Number of protein chains: 2
Amino acid sequence: MARPQRDTRVEILKSAAAAFRRRGYHGATVEEIATALDMNKGNLYYYFRNKEEILYACHQYSLDILLALLDEVLASADPPEVKLRRLIVSFVQTILDELHGTALFMDLQPLAPAHLQKVIARRDRFDRGIRQVLQEGMDTGVFAAGDAKLLAFAILGAVNWIPRWFDPHGAAPSETIAGAFADYLIAGLRQGEGVRLQGCRPRAAGYGAPTTDTKGDGRSKGQGVRSGPKPEARSL
Amino acid sequence: MARPQRDTRVEILKSAAAAFRRRGYHGATVEEIATALDMNKGNLYYYFRNKEEILYACHQYSLDILLALLDEVLASADPPEVKLRRLIVSFVQTILDELHGTALFMDLQPLAPAHLQKVIARRDRFDRGIRQVLQEGMDTGVFAAGDAKLLAFAILGAVNWIPRWFDPHGAAPSETIAGAFADYLIAGLRQGEGVRLQGCRPRAAGYGAPTTDTKGDGRSKGQGVRSGPKPEARSL
DNA sequence: ATACTATTTGAACGCCCGTTCAAATTTCAA
DNA sequence: TTGAAATTTGAACGGGCGTTCAAATAGTAT
């Protein structure tokens, strides 16, 4: 057959991504990744140095696709509202149809520091792209003023969460979901005549935190994942 | 001291939830859960049968809190818009301040079938509660017509994603985030005079999939997680 | 056929980690 | 103080899984 090397590598990535999505990085075994392809697990080490490198390659694969999509939209001359809609729609459809749910859900911590750094940097580019479109819309006046960073997180959260409940065999196809999400997520941004009631008890800090970095450091904190080692914080 | 049994159990849950959030179920070791409490790992088995039971208890703990919150709001006589705002605001604040980011992010698959079933059932209750408020708002006319199920997923996704980027030491406190998210997520629901442009290329299925279950089965599929064993689906 | 490379195999190693358990220690009531 | 129950300790076991590697096989040009 044609180019076995590269093809097999991609095959492995597909299988690995599926396994990682189902069981998580640590839960997925090298053996199940291999046997899904009728391979022996030892054989994977002919194509990748180790399990961690497979995860890294999966991340890069997804980011290649999503960032290409972002760049295409950003380069266009569409008004912000249309840009955002195109982004949401194709983002959702790509995640569901092409990446089959694997995208930004994969684990980051197992990555080696050097790899982690690179992945986070690219995630940052993605975040900033979305914020840029939002900001553009606010400056134009199409979107109501607000914290572009928080709004971008909200949009990405809604989208990134989809794989958790999406059923490929369900009645709602990816286009329906993509359309509905775009409608809803954009509607909330519009320069509104709406009432904006504050509801229940009075809130201390109402809205606009600074649009700049939430934290002091200018360092990128991809997708906001606490990149550093420290973040302790007790739960429950 | 007072009641050692129950207190120690909760201490363990706190430590375990933090570990699970950071490394995932399989990535977290029983030893790190124990040493964080200056305990010997063997000692945990005096309080819990095994690791899986700890995860289960974590889920139940979170659900206890969140469902209590839901019930309180549902029981009120507030109009739908206020109900929804209260839900979003206190949901966000509870997740960030009380649960420290642990909530619906924890793994489900490692749970034993019996436990999984119970957790999913309770998650379903939560989902349906949100949908109920949305539907109420649509029936009243405060909210624009739409697919309550999809909208609920979008809202929960935005909220559930927060722990991925939230920095407890960052400049944006939980109240700010809670308020901003509530504003944005509710604004998108309002019965709008808005233009609703469709943007780019024409979409096949525009919006309203049936409000009823997306799938044919009436069985609950908690938070939409594909509960069954099958769902294969290749990625990448 | 031959020889050289690319790929696959299968078995083995070694470590990590969940789990067990008997003995040691602490707690507390009488 | 005494003794029984509650809790903790520390060590050990055993299985799972990532990784290695030498040998086997397939592929290909000459």
Side-chain angles (χ1 to χ4, degrees), chain A residues 1-59 106-116, chain B residues 1-59 106-116:
Chain A
M1 300 299 174
R3 43 189 118 80
Q5 266 278 31
R6 183 152 199 91
D7 278 2
T8 313
R9 270 181 68 98
V10 173
E11 284 295 304
I12 293 171
L13 290 187
K14 287 185 187 179
S15 175
F20 291 156
R21 177 172 46 72
R22 287 198 300 267
R23 312 216 202 265
Y25 177 77
H26 292 287
T29 74
V30 173
E31 185 158 28
E32 76 178 299
I33 296 173
T35 48
L37 299 166
D38 291 309
M39 273 186 178
N40 187 304
K41 69 172 173 175
N43 197 13
L44 295 193
Y45 290 82
Y46 179 75
Y47 295 93
F48 295 93
R49 216 188 312 276
N50 51 37
K51 195 184 179 187
E52 186 268 342
E53 201 185 52
I54 298 181
L55 177 65
Y56 177 60
C58 285
H59 272 118
M106 288 184 294
D107 291 321
L108 284 175
Q109 331 95 8
L111 290 174
H115 288 163
L116 181 63
Chain B
M1 299 300 175
R3 41 191 121 79
Q5 267 278 32
R6 183 149 201 91
D7 278 2
T8 312
R9 269 181 69 99
V10 173
E11 285 296 302
I12 293 171
L13 290 188
K14 287 185 187 178
S15 175
F20 291 156
R21 175 171 48 73
R22 286 198 302 266
R23 314 218 200 264
Y25 176 78
H26 287 109
T29 74
V30 174
E31 186 159 26
E32 76 178 297
I33 296 173
T35 48
L37 299 166
D38 293 308
M39 271 185 178
N40 186 304
K41 70 171 173 176
N43 196 13
L44 294 194
Y45 291 82
Y46 178 76
Y47 295 92
F48 294 93
R49 216 186 313 275
N50 51 36
K51 196 184 178 186
E52 186 269 341
E53 201 185 52
I54 297 181
L55 177 65
Y56 177 60
C58 285
H59 272 117
M106 289 184 296
D107 292 321
L108 284 173
Q109 330 96 9
L111 291 172
H115 288 163
L116 181 64

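First the proteins, then the strands, lettered A, B, ... as listed; each starts at 1. Computed from a predicted model, the values in this text were never measured in an experiment. Both backbone and side-chain heavy atoms feed into the values below; hydrogens, waters and symmetry mates do not.
Between the CZ atom of A/R9 and the P atom of C/dA6 there is a distance of 16 Å, rounded to whole Å. At whole-Å resolution of the value, NZ in B/K41 and P in C/dC16 are 11 Å apart. D/dC17 atom P lies 9 Å from atom NZ of A/K51, rounded to whole Å. One can place CD of B/E52 at 13 Å from P of C/dG18, the figure rounded to the nearest angstrom. One interatomic measurement links the two molecules: OH of B/Y45 to P of C/dG18, which rounds to 6 Å at whole-angstrom precision. For B/F20 and C/dG18, the CZ to P distance is 9 Å, given to the nearest whole Å. If you measure from atom CG of A/L44 to atom C1' of C/dT7, you get 13 Å, rounded to the nearest angstrom. Distance B/N40 CG to D/dA11 P: 9 Å, rounded to the nearest Å.
Sequence order on DNA chain D of the closest nucleotides to A/E31 and A/N43 puts A/E31 first from the 5' end.
B/A34 comes within 4.0 angstrom of no nucleic acid atom, judged by non-hydrogen atoms across all strands.
If you check D/dT19, D/dT7, C/dA6 against the side chain of A/N50, the one that comes closest is D/dT19. Here the side chain of B/T29 is nearest to one of C/dT9, D/dG18, C/dC17, namely C/dC17.
The heavy-atom pair separating A/P110 from A/L55 by the smallest distance is CB-CD2, 4.0 Å. In plain terms, the two heavy atoms of B/H26 and A/R23 that are nearest each other are ND1-O, 4.0 Å.
For the pair A/K51 (side chain) and A/Y25 (backbone), a donor-acceptor distance under 3.5 Å is present. A donor-acceptor contact shorter than 3.5 Å links the side chain of A/N40 to the backbone of A/G42.
The side chain of A/Y46 places no N or O atom within less than 4.0 Å of a non-bridging phosphate oxygen (OP1 or OP2) of C/dT9.
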